[in-house]
2 protein chains.
Amino acid sequence: MSGQLKYVLDETQIPKSWYNIAADLPVPPPPALHPGTMQPAGPGDFEPLFPMELILQEVSTEREIEIPEPIRDIYRMWRPSPLIRARRLEQALGTPAKIYFKNEGVSPAGSHKPNTAVPQAWYNKEAGIKRLSTETGAGQWGSSLAFAGALFGIDVTVFQVRVSYDQKPYRRALMETYGARCLPSPSTETESGRAILAQFPDSPGSLGIAISEAVEVAAKDPAVKYALGSVLNHVLLHQTVNGLEAIKQFEMAGDDPDVVIGCVGGGSNFAGIAFPYLGMQLRGGRKRRFVAVEPASCPTMTRGKYAYDFGDTAHLTPLVKMHTLGSTFIPPASHSGGLRYHGMAPLVSHVHQLGLIEARAYRQIACFDAAIQFARCEGIVPAPESTHAVCCAIDEALRCKREGKAETILFNLSGHGHFDMGAYIAYFEGKLTDHSYDEGELALALAGLPSVAA
Amino acid sequence: MSGQLKYVLDETQIPKSWYNIAADLPVPPPPALHPGTMQPAGPGDFEPLFPMELILQEVSTEREIEIPEPIRDIYRMWRPSPLIRARRLEQALGTPAKIYFKNEGVSPAGSHKPNTAVPQAWYNKEAGIKRLSTETGAGQWGSSLAFAGALFGIDVTVFQVRVSYDQKPYRRALMETYGARCLPSPSTETESGRAILAQFPDSPGSLGIAISEAVEVAAKDPAVKYALGSVLNHVLLHQTVNGLEAIKQFEMAGDDPDVVIGCVGGGSNFAGIAFPYLGMQLRGGRKRRFVAVEPASCPTMTRGKYAYDFGDTAHLTPLVKMHTLGSTFIPPASHSGGLRYHGMAPLVSHVHQLGLIEARAYRQIACFDAAIQFARCEGIVPAPESTHAVCCAIDEALRCKREGKAETILFNLSGHGHFDMGAYIAYFEGKLTDHSYDEGELALALAGLPSVAA
C-alpha cells in the first residue's frame with residue numbers, strides 16, 4: 001500500500017475566517033418570525049437569548065467573518081482536524097472511487113460540536129456572561145459546551161433528554177468532568193418541564209422539550225444566556241472551519257471531491273463541510289454533488305414539510321422556515337442513531353429547496369452494518385449519527401464500482417462512538433429495529449404546524 | 001497566549017526502527033527461566049507461544065530493529081502521535097515549568113497499546129497464524145489486539161478479567177466491533193479457569209488468571225499463538241516508537257525534557273517514552289530524570305520484591321526477574337485505576353535496580369483530582385491509568401514552582417478515559433477510596449514466591 005493516508009495541516013493553517021454562505025445565495029432565505037407577532041424578528045428579539053455579536057453573525061451577509069484569535073487559539077488544541085484517505089475501506093469495497101473523510105472525532109468532546117461551542121462561549125464571556133443554559137440529546141453538544149465553559153470560566157447547565165440521561169451515564173460523567181451541571185429533561189426546574197411532567201410523569205423527553213427548558217431559563221434570567229448546538233445560522237457559520245480546512249487539505253492531496261456527504265440532525269456538521277464547497281460553486285466554480293443523510297426514523301428533509309415552525313415544543317423560540325416534521329414529533333424509541341430533531345437548519349432547508357443539495361434517508365441497521373465495516377478497516381468507531389454518512393459514502397463508492405467511475409468521495413466523520421457503544425451492543429444483540437412510518441403517523445405532528453402567511 | 005501547542009510530525013517521519021535498550025545496558029538483565037527446569041529459557045522454549053520473529057526480538061541485543069513497512073503503513077493511521085504543550089495547565093498551576101505530553105489516546109483503540117498489537121499481529125500473520133489468544137484487564141489491550149486482528153484477518157479471542165467484563169460492557173462492545181470474541185475470565189473453556197471456578201465460583205478474576213487461560217489455549221493448540229500487551233522485551237521495544245517520535249518533536253519545539261514521566265502497570269508505556277531518552281544517556285548523553293508512577297494499591301516497584309516470579313497465576317509462563325507482589329496478588333476491588341498487574345517488565349525492573357530510574361506510588365483519589373484539573377484545562381479526559389502520570393507531572397510542576405525552576409516536563413498520556421467513565425462517576429459520587437496496606441497484607445502473596453537460586 002502506498003500514498004499518503006493523512007493530510008494534516010499545521011496549526012498556523014487554521015482558517016482565519018469562517019465562511020458565510022448568506023453572501024453567495026441566489027435568493028435570500030426567508031426571515032425568522034417573532035413568535036408573538038409573527039412578524040420578521042429583528043436583532044433585538046434575540047437579545048434575551050444571545051450576545052449581540054452572535055446575533056449579528058446570525059443576520060450577517062458578509063462572506064467572511066473573522067475568527068477572533070482567542071478562538072483560533074483554542075481551535076489549535078485539536079484543529080486542523082485530519083483529512084484521511086480510507087484506503088483499506090476502498091480496497092475492501094473493491095471500488096475505483098477514492099474515499100476521504102474529515103475526522104472531527106479528534107476534538108476533546110469527540111465531535112464537531114466544539115467548533116461552535118468554543119466561539120459561543122467566548123462571545124458570551126466577552127459580553128460579560130457567566131452562565132449558559134442549553135439542551136442536549138445524545139450528549140455531544142452538552143459535553144462540547146461544558147468543555148468550552150470550562151475554558152472560559154462559564155457555568156454551564158445542560159438539560160439532557162431524560163432517556164439519554166438515564167441510558168448514557170458516561171456522557172453525563174463527561175459533562176461533569178468538564179464542570180457542567182446536567183439535569184434530566186423534562187425537569188422540575190422550569191415551567192415547561194413541570195407542564196410536561198404534569199401531563200406525562202414518565203416522559204422520556206425530547207430535544208424540543210429540552211430546548212424549551214433551556215430557553216426558558218435564559219429568557220427569565222438576564223444573567224443567563226442560551227446556546228444552541230445546531231440549526232441557527234451562526235452555528236452553521238462556525239462549523240465552516242471544517243470545510244475550509246478540507247479545501248486546503250485536498251489541495252495538498254492533489255485531489256478534489258466530486259461528492260460531499262454529511263449526516264443531518266439539525267444540519268450543522270453537513271453545512272460545515274458542504275457550504276464552503278457550495279459557496280465556490282455559487283461563485284462560478286465547478287459543480288459538485290452534496291448529499292445530506294438523515295435517519296429514516298426522523299425523515300425531516302425527505303418526508304417533512306418546508307414550512308414555518310417553532311424550534312421547540314413549548315413554542316418559546318422564533319419561527320423559522322425549514323423542513324419539519326412538526327414541533328411535537330418524537331422519533332420512536334427504537335431509533336438509536338441520534339439526529340432526533342424535528343426540524344432542520346433553515347439554511348440547509350433553503351439550499352435544498354433551491355435544488356442545490358440532495359437529501360437521503362437511511363435505516364439504522366444498514367448504517368450500523370456500514371459502521372462495523374468501516375471500523376474494521378479504518379479502526380475508528382463512528383458515532384451513531386456519523387454512521388449515516390459512512391453508509392452513504394459506501395453506497396456512493398459501490399455506485400462508482402458499478403459505473404466504473406473513479407470519483408472522489410468526501411464525507412464528514414462528525415464524531416466517534418465511544419460514548420454510544422450501547423447502540424452497538426443493541427446492534428450485536430439484534431435489538432435494533434428499523435421503524436417504518438405510514439403517512440398517517442407523520443401527518444399527525446405536521447397537522448399541528450402553526451399557520452403563517454407565507 | 002502564543003507559541004505552538006501541538007508538534008505534529010508528517011507521517012513520513014514515523015521512525016524506521018524501534019530502539020532496543022538491551023544494546024546499551026551497562027549490565028545485561030537476568031535471563032528468563034524455564035518453568036519446568038528453572039534453567040535459562042532458550043528461544044525454542046517460547047515457540048509454542050510466539051512466532052520466531054518476536055522471540056528473536058525478545059532476546060536481541062541489536063540497538064535498532066527495523067520496523068517493517070506494512071507495520072509503518074498501519075502506524076500511519078494515527079502516528080506520529082502529537083506532542084502537546086499543556087499551556088493552560090501550566091497557567092492554572094502558575095508554574096515556571098513547561099509541561100508537554102505525548103497523546104497516545106489518538107490511536108483507534110484509544111491508547112498506546114496498538115503500537116505493539118499491530119506488529120504482534122503482523123509477525124503472527126507472516127508466520128501463517130490465523131488465531132491469537134490474549135487476556136485483558138480494563139480492556140485497552142484486548143481492544144487493541146482486536147483492532148490489529150481485524151486489519152490482518154486474524155481471529156482474536158480475549159479473556160477479560162470478569163469484574164471488568166461485567167462492569168465495562170462498552171469495552172467489550174469495542175472488541176466485538178473489531179470482530180474479536182471476548183470471554184469473562186475465569187472461564188469454563190480452560191483447565192486454569194475451571195480450576196479457579198471450582199474453588200471460587202464467584203471469582204472476579206485477575207490479570208494473572210486471565211494470562212493463564214490465554215497461555216493455556218495457545219500452548220495446547222499449535223494453530224493458536226499468544227500475545228501479551230506489556231512486560232516482555234519485544235512489547236517494550238515496539239513502544240519505543242513513541243519516545244523516538246518525542247525526541248524529534250522536541251527538536252522541532254527547540255526544547256528538551258528534564259523529567260520524563262510514565263505510569264506503570266506492566267511497564268510498556270513508560271519504557272516506550274523513557275527508553276529512547278535513557279539510551280541516549282547510556283551512550284554518554286545528558287542525564288535526565290525518569291519517573292515511573294504506579295498505583296499505591298498495586299505498589300509493585302515501591303513495595304514489591306525484586307525476584308524471579310511467574311507472570312501468571314497458574315504458573316504456565318517462564319519465570320522472569322522483576323519487581324513483584326507475588327503471582328497470587330490481587331489488588332483490592334476499591335482500586336479503579338488500572339495498572340493491576342502483580343509484576344513489572346523485567347527491563348524496567350532492571351534499570352530501576354541499576355538506579356537509572358525513579359519509582360513513585362500514587363493514591364487514586366489524588367490521581368483523579370489531577371485528572372479533573374487536566375481535563376478542564378486541556379480538554380482531554382485521561383484513562384485511569386494515565387491519571388497517575390498526570391498527577392506526577394503536576395507534582396513536578398509544583399515542585400518547580402516552589403524551587404523557582406523552569407524545567408521541562410514530559411509525560412506520556414497513555415490513553416483516554418472514554419471507556420472508563422465509570423471510575424469518574426465513582427469519583428464524583430465519593431465512592432473511590434484509597435487503600436493502605438500494612439506489611440502483613442503484602443507479605444502474604446510475597447511469601448509464595450518460587451525459590452530460585454538467584
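Numbered from 1 within each chain, the chains take letters A, B, ... in sequence-line order.
Across every non-hydrogen atom of A/Thr177 and B/Tyr424, the tightest pair is OG1-CD2, 3.8 Å. Shortest non-hydrogen contact noted between B/Ile425 and A/Ala173 is CG1-CB, 3.5 Å. In terms of heavy-atom proximity, B/Met77 sits nearest to A/Arg88 at SD-NE, 4.3 Å. Shown here for B/Gly379 and A/Pro108, the closest heavy-atom pair between the two residues is O-CB, 3.3 Å. Contact detail for B/Val8 and A/Val8: the closest heavy-atom pair is CG1-CG1, 3.7 Å.
Aromatic pair A/His418/B/Tyr170: centroids not less than 6.0 angstrom apart.
Once rounded to the nearest 0.5 Å, the distance linking CD1 of B/Ile372 with CD of A/Glu176 reads 9.5 Å. Here A/Arg85 contributes atom CZ and B/Arg76 contributes atom CZ; the two are 10.5 Å apart, rounded to the nearest 0.5 Å.
Of the atoms belonging to A/Asp420, it is backbone heavy atoms, and not side-chain ones, that fall under 4.5 Å from chain B. Interface residue A/Phe147: only side-chain heavy atoms are found under 4.5 Å from chain B. Using a 4.5 Å cut-off between heavy atoms, B/Phe428 touches chain A through its side chain atoms alone. Heavy atoms closer than 4.5 Å to chain B are found in the backbone of A/Arg79, but not in its side chain.
The environment of CD in B/Glu66 is sparse: at most 12 heavy-atom neighbours from other residues, nucleotides or ligands sit within 6.0 Å.
Among B/Lys6, B/His416, B/Arg172, the residue with the largest count of heavy-atom pairs under 4.5 Å with chain A is B/Lys6. Between chain B and the residues A/Arg376, A/Arg171, A/Glu378, A/Glu69, the largest count of heavy-atom pairs under 4.5 Å involves A/Arg376.
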